[in-house]
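Here, residue 1 is the first one in the sequence, and each next residue gets the next number.
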Amino acid sequence: MTTAPWRDHALPAAARVDDLLSRMTLEEKTAQLYGVWVGASTDGDGVAPHQHDMSVDHDWDELITRGLGQLTRSFGTAPVDPALGAQALARAQRRITEAGRFGIPAIAHEECLAGFTAWQATAYPVPLAWGATWDPPVVEEMARRIGDDLRSAGVHQGLAPVLDVVRDPRWGRVEETIGEDPYLVGTVGSAYVKGLESAGVVATLKHFAGYASSAGARNLAPVRAGVREFADVTLPPFEMALREGGARSVMAAYTERDGVPASADPELLTGLLREEWGFTGTVVADYFGIGFLQTLHRVAGTPAEAAHAALTAGIDVELPTLKCYGDPLPAAVRSGQVPEELVDRAARRVLLQKCELGLLDEDWTPEPAAAVNLDSTGNRILARRLAEESVVLLDNPDGLLPLAPDTRIAVVGPRAADALAMLGCYSFPSHVLTHHPDVPAGIEIPTVLDALRTELPDAKVTFAQGCEVTGPDTAGFEEAVARTAEADVCVAVLGDRAGLFGRGTSGEGCDATDLGLPGAQGELLDALIATGVPVVLVLLTGRPYALGRWHGRLGAVVQAFFPGEEGGPAVAGVLSGRVNPSGRLPVSVPQVPGGQPWTYLQPPLGLAGEVSNLDPTPLFAFGHGRSYTTFAWEDGTGGEEPAEIGTDGSYDVSVTVRNTGEREGAEVVQLYLHDPVASVTRPDMRLIGYQRVAAAPGEAARVTFRFHADLSSFTDRAGRRVVEPGALELRLAASSADVRHTARLTLTGPVRMLGTDRRLRCETEVSGVE
């Protein structure tokens with residue numbers, strides 16, 4: 001029997017796909033361009049925006065005779081036993097391959113933002129907690145494990161990571177981001193991409209681009225970012241994750257910038273992404289994003305017009321279902337409204353990706369190769385490590401922490417005894433199980449209260465909730481104050497409840513009017529402090545909250561950003577001293593609830609000054625975090641006179657970090673750039689490098705950053721990325737507000753224009769010191 005060329009392993013993928021496309025009908029080609037969401041709710045209470053009015057009825061048996069591009073969230077729609085779910089997915093794939101002429105399976109995709117969003121799967125810390133670790137290698141290891149779990153269940157594509165840079169912390173999806181700095185987001189996000197892709201799973205960068213810059217911090221609001229902010233803050237993490245991480249898919253953002261929706265922007269999705277950056281993978285729509293061109297953006301009058309606009313821009317796949325690329329698209333092609341070449345272009349990209357995944361091979365099989373275990377011991381160990389590294393000790397002025405092992409502790413607060421306090425909105429229990437209240441969580445999630453009792457068995461621990469997460473009710477204050485008055489120390493566990501579309505205080509569609517603690521939690525904290533008993537504030541949140549009101553009145557402050565299923569023991573370990581805190585802030589913590597938006601990336605007019613009574617200076621700066629040990633920074637690079645290098649030159653800046661305390665710990669050495677004079681205004685400081693350094697007592701390490709002039713580049717008035725001659729300062733710092741050493745440089749030579757081969761990363765070397 002002769003094998004068709006498209007089945008021939010010996011041929012290049014492009015030749016195989018060209019042969020296959022030549023054999024396909026229009027309907028068969030368009031079928032590769034959409035997904036189907038089996039079991040999605042249409043009752044108005046779903047997990048995606050407008051899910052209730054954007055879903056499409058279809059005849060499954062008839063539909064799959066054309067083939068199918070994607071299967072949407074077989075595991076992430078309702079609770080299903082992982083082993084049974086893998087078998088069900090395999091059966092669905094068998095039906096798809098048997099129904100179509102070519103026997104091509106679908107790409108199965110799932111959410112995997114903080115772990116595989118499936119029942120009984122490990123719930124890792126959220127991305128904001130990844131940022132707080134400042135530890136890309138451990139994030140890469142986590143992503144590799146997530147990828148292995150996805151593959152074991154038959155899933156090919158993961159819809160992560162989120163590479164949006166926080167611009168306004170009131171935005172509900174801050175918990176899904178890695179932080180407020182593009183270099184931190186890019187380096188940590190690229191590590192996640194490497195890990196996921198190394199497991200053979202297609203990583204999907206989202207949301208391309210500008211989603212986090214929405215006006216007023218409202219989800220899916222217009223984006224007001226200017227040309228230079230877009231180029232220098234929004235885009236760099238995506239460029240890094242494509243060039244260094246090797247991501248094979250990009251998701252178009254819901255939002256619009258300057259009147260052009262991202263899903264209908266050929267300059268963004270084709271001109272920049274493909275022609276300038278050389279991306280060759282697939283662009284997928286955010287859920288219902290193509291239909292939104294008609295219903296929300298009103299730049300299309302019909303689903304067919306929306307399909308035309310999206311295909312023209314460069315969106316290859318409509319997710320999660322076939323609103324526009326289904327029946328409307330082939331009809332529009334036959335009527336002459338949409339050129340068939342656009343369909344062919346998208347179908348070719350999809351089929352090339354399927355070829356890479358082995359889905360065009362005759363020996364492909366959908367059955368799982370091994371037993372499916374989505375919350376292995378190894379996963380939990382890594383989840384614990386990530387959680388422990390991500391906890392940030394914001395303040396401990398009098399050394400109240402660690403707690404004495406036999407002390408009397410009043411644990412108070414609405415987040416202390418709730419397992420969901422550990423989880424972000426894209427964890428399965430918060431994302432899906434809220435619609436299935438009778439189904440157990442499927443994973444063990446110790447609370448802070450339970451973990452603290454385990455951590456300190458000789459302590460006398462009492463508990464009072466005090467209040468709810470939201471709402472004005474103060475009826476529980478009396479008991480909370482009474483328990484606190486009987487104790488030696490109060491641990492107040494406050495924060496967010498993750499949810500979707502207003503059903504939480506953090507998460508997608510859960511935007512905040514200001515940065516005051518939700519509900520009556522601030523008043524509860526006041527009442528606890530008024531007892532005179534020392535109060536340790538523990539925050540379990542998806543965003544930073546303003547803490548200036550209590551500064552100087554608290555015994556200690558511990559910040560954890562939704563630290564996952566092992567977050568309770570991680571926080572308890574910090575409180576007991578078993579864990580030496582090493583997390584650093586990926587976002588600034590403000591003084592006051594208003595006066596936002598503000599991140600540390602401000603030009604001079606964004607800083608405090610005499611022209612306004614509002615001081616935006618944060619209470620705790622980006623990069624801040626304390627430890628139970630101390631570090632001395634010695635022999636920093638930099639002399640009296642500035643060093644000279646060319647605008648294409650490089651310079652090494654170094655510092656020795658010595659652990660001068662009595663226990664092992666980790667310091668995070670940060671390198672910032674200050675550009676005193678430029679042709680356009682520049683942030684007063686911006687991160688260009690960092691290195692996490694672990695050291696035993698008395699141990700020292702020499703950290704060297706290999707700065708290249710490319711790292712000083714920015715977008716000039718003509719829209720070009722340039723390196724300008726002139727003075728620079730390289731600042732070695734423990735945070736954006738704690739500079740320890742400064743090296744001055746002078747760049748000499750002409751203005752240099754950069755291309756896509758520019759250096760994106762500051763290479764770092766760590767060596768031991770006697």
Side-chain angles (χ1 to χ4, degrees), residues 5-6 11-35 66-72 100 102 104-109 156-159 193 197 200-206 208 238 241-243 245-252 262-286 289-290 307-320 322 324-326 329-330 333 338-361:
W6 67 274
L11 290 176
R16 294 174 65 183
V17 169
D18 286 343
D19 176 69
L20 177 57
L21 276 173
S22 71
R23 300 166 185 264
M24 299 175 85
T25 66
L26 176 60
E27 278 74 14
E28 287 168 335
K29 288 185 289 189
T30 57
Q32 295 297 316
L33 309 186
Y34 53 70
R66 315 171 199 171
L68 184 62
Q70 295 244 353
L71 276 169
T72 294
F102 299 101
I104 303 170
I107 290 175
H109 77 260
H156 311 99
Q157 182 167 1
L159 304 187
V193 171
E197 290 280 357
V201 173
V202 175
T204 308
L205 309 183
K206 55 190 200 181
F208 194 68
F238 291 93
L242 291 172
R243 282 179 49 185
R248 288 181 285 174
S249 189
V250 171
M251 177 180 282
S263 295
D265 189 351
E267 291 184 9
L268 177 70
L269 300 182
T270 297
L272 175 69
L273 181 63
R274 296 194 183 276
E275 295 172 1
E276 185 173 336
W277 287 356
F279 177 65
T280 59
T282 56
V283 176
V284 303
D286 204 343
I290 297 176
H308 189 189
L311 276 173
T312 301
I315 295 183
D316 305 308
V317 181
E318 180 178 19
L319 297 181
L322 59 163
C324 302
Y325 283 10
L329 180 54
V333 171
V338 176
E340 190 167 357
E341 305 89 76
L342 293 177
V343 172
D344 291 345
R345 181 179 72 172
R348 190 173 192 276
R349 293 167 181 164
V350 170
L351 292 170
L352 280 169
Q353 196 152 88
K354 288 191 173 186
C355 191
E356 289 177 3
L357 293 167
L359 301 184
L360 302 189
D361 299 343

Trainee: So does Pro330 get a backbone contact from the side chain of Glu27, meaning a donor-acceptor N/O pair under 3.5 Å?
Mentor: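 Here the side-chain-to-backbone pair does not exist.
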Trainee: Applying side-chain contact (heavy atoms from CB on, under 4.5 Å), run through His156 and Val202 and close with a yes or a no.
Mentor: CA-CA 6 Å; His156 311 99; Val202 175; 5.7 Å; no
Trainee: Checking side-chain contact (heavy atoms from CB on, under 4.5 Å) between Val317 and each of Gln70, His109, Arg349, which is the one that passes?
Mentor: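 Running side-chain contact (heavy atoms from CB on, under 4.5 Å) over Gln70, His109, Arg349 with Val317 returns exactly one hit, Gln70.
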Trainee: A side-chain contact here means heavy atoms from C-beta on lying under 4.5 Å apart; do Arg348 and Asp18 qualify?
Mentor: yes
Trainee: Using the side-chain contact (heavy atoms from CB on, under 4.5 Å) rule, pick out the option among Thr30, Leu342, Leu26 that qualifies with Val333.
Mentor: Leu26
Trainee: What is the minimum heavy-atom distance between Ile290 and Ala285, and which atoms define it?
Mentor: CG1-CB, 3.8 Å
Trainee: Return the CG to NZ distance between Asp361 and Lys354, rounded to the nearest 0.5 Å.
Mentor: 13.0 Å
Trainee: Rounded to the nearest 0.5 Å, how far apart are CG of Asp316 and CZ of Arg345?
Mentor: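 Spacing of CG (Asp316) from CZ (Arg345) equals 7.5 Å.
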Trainee: Could you go through the side-chain contact (heavy atoms from CB on, under 4.5 Å) check for Val283 and Thr270 one step at a time?
Mentor: CA-CA 10 Å; Val283 176; Thr270 297; over 6 Å; no
Trainee: Is any side-chain heavy atom of Thr282 closer than 4.5 Å to a side-chain heavy atom of Ile107?
Mentor: no
Trainee: Where is the tightest heavy-atom contact between Trp6 and Phe102, given as atom of each residue plus distance?
Mentor: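 Minimum heavy-atom contact is CH2-O, 3.2 Å.
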Trainee: Between Arg23 and Asp19, does any NZ, NE, NH1 or NH2 come within less than 4.0 Å of an OD or OE carboxylate oxygen?
Mentor: yes
Trainee: Say you draw a straight line from CG of Leu205 to CG of Leu159; how long is it, rounded to the nearest 0.5 Å?
Mentor: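 Spacing of CG (Leu205) from CG (Leu159) equals 11.0 Å.
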Trainee: Is there a donor-acceptor pair closer than 3.5 Å between any side-chain N or O of Glu197 and the backbone N or O of Ala203?
Mentor: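 Present.
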Trainee: Would you give the length of the straight line joining atom CZ of Phe279 to atom CZ of Phe208, rounded to the nearest 0.5 angstrom?
Mentor: 9.0 Å
Trainee: Would you call Leu273 and Phe238 a side-chain contact if the rule is heavy atoms closer than 4.5 Å?
Mentor: no
Trainee: Suppose we screen for ring pair (Phe, Tyr, Trp, His ring centres under 6.0 Å). Which residues come up paired with Tyr34, at least two apart in sequence or across chains?
Mentor: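 Result, ring pair (Phe, Tyr, Trp, His ring centres under 6.0 Å) vs Tyr34: none returned.
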Trainee: Kindly give the heavy-atom pair with the smallest separation between Leu21 and Ala347, and that separation in Å.
Mentor: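 Closest approach of Leu21 to Ala347, heavy atoms only: CD2-CB, 3.8 Å.
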Trainee: Side chain of Arg274, backbone of Gly281: donor and acceptor closer than 3.5 Å?
Mentor: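 Flag set: sc Arg274 to bb Gly281 pair under 3.5 Å.
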Trainee: Looking only at non-hydrogen atoms, find the nearest pair between Leu360 and Cys355 and report the distance.
Mentor: CD1-CB, 3.7 Å
Trainee: Do you know which two heavy atoms are closest between Leu329 and Ala307, and how far apart they sit?
Mentor: CD1-CB, 4.2 Å
Trainee: At what distance, to the nearest 0.5 angstrom, does CE of Met251 lie from CG of Leu319?
Mentor: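 It comes to 6.0 Å.
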Trainee: Find out whether Pro339 and His308 are in side-chain contact, i.e. whether some heavy atom of one side chain is under 4.5 Å from a heavy atom of the other.
Mentor: yes
Trainee: Would you check, one step at a time, whether the test side-chain contact (heavy atoms from CB on, under 4.5 Å) holds for Leu269 with Val250?
Mentor: CA-CA 9 Å; Leu269 300 182; Val250 171; 5.5 Å; no
Trainee: If you round to the nearest 0.5 Å, how far is CE of Met24 from CD1 of Ile104?
Mentor: 5.0 Å
Trainee: Kindly give the heavy-atom pair with the smallest separation between Ala106 and Leu359, and that separation in Å.
Mentor: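 What the structure gives for the nearest pair is O-CD1, 4.0 Å.
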Trainee: A side-chain contact here means heavy atoms from C-beta on lying under 4.5 Å apart; do Val284 and Gln157 qualify?
Mentor: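 Of all side-chain heavy-atom pairs linking Gln157 with Val284, at least one is under 4.5 Å.
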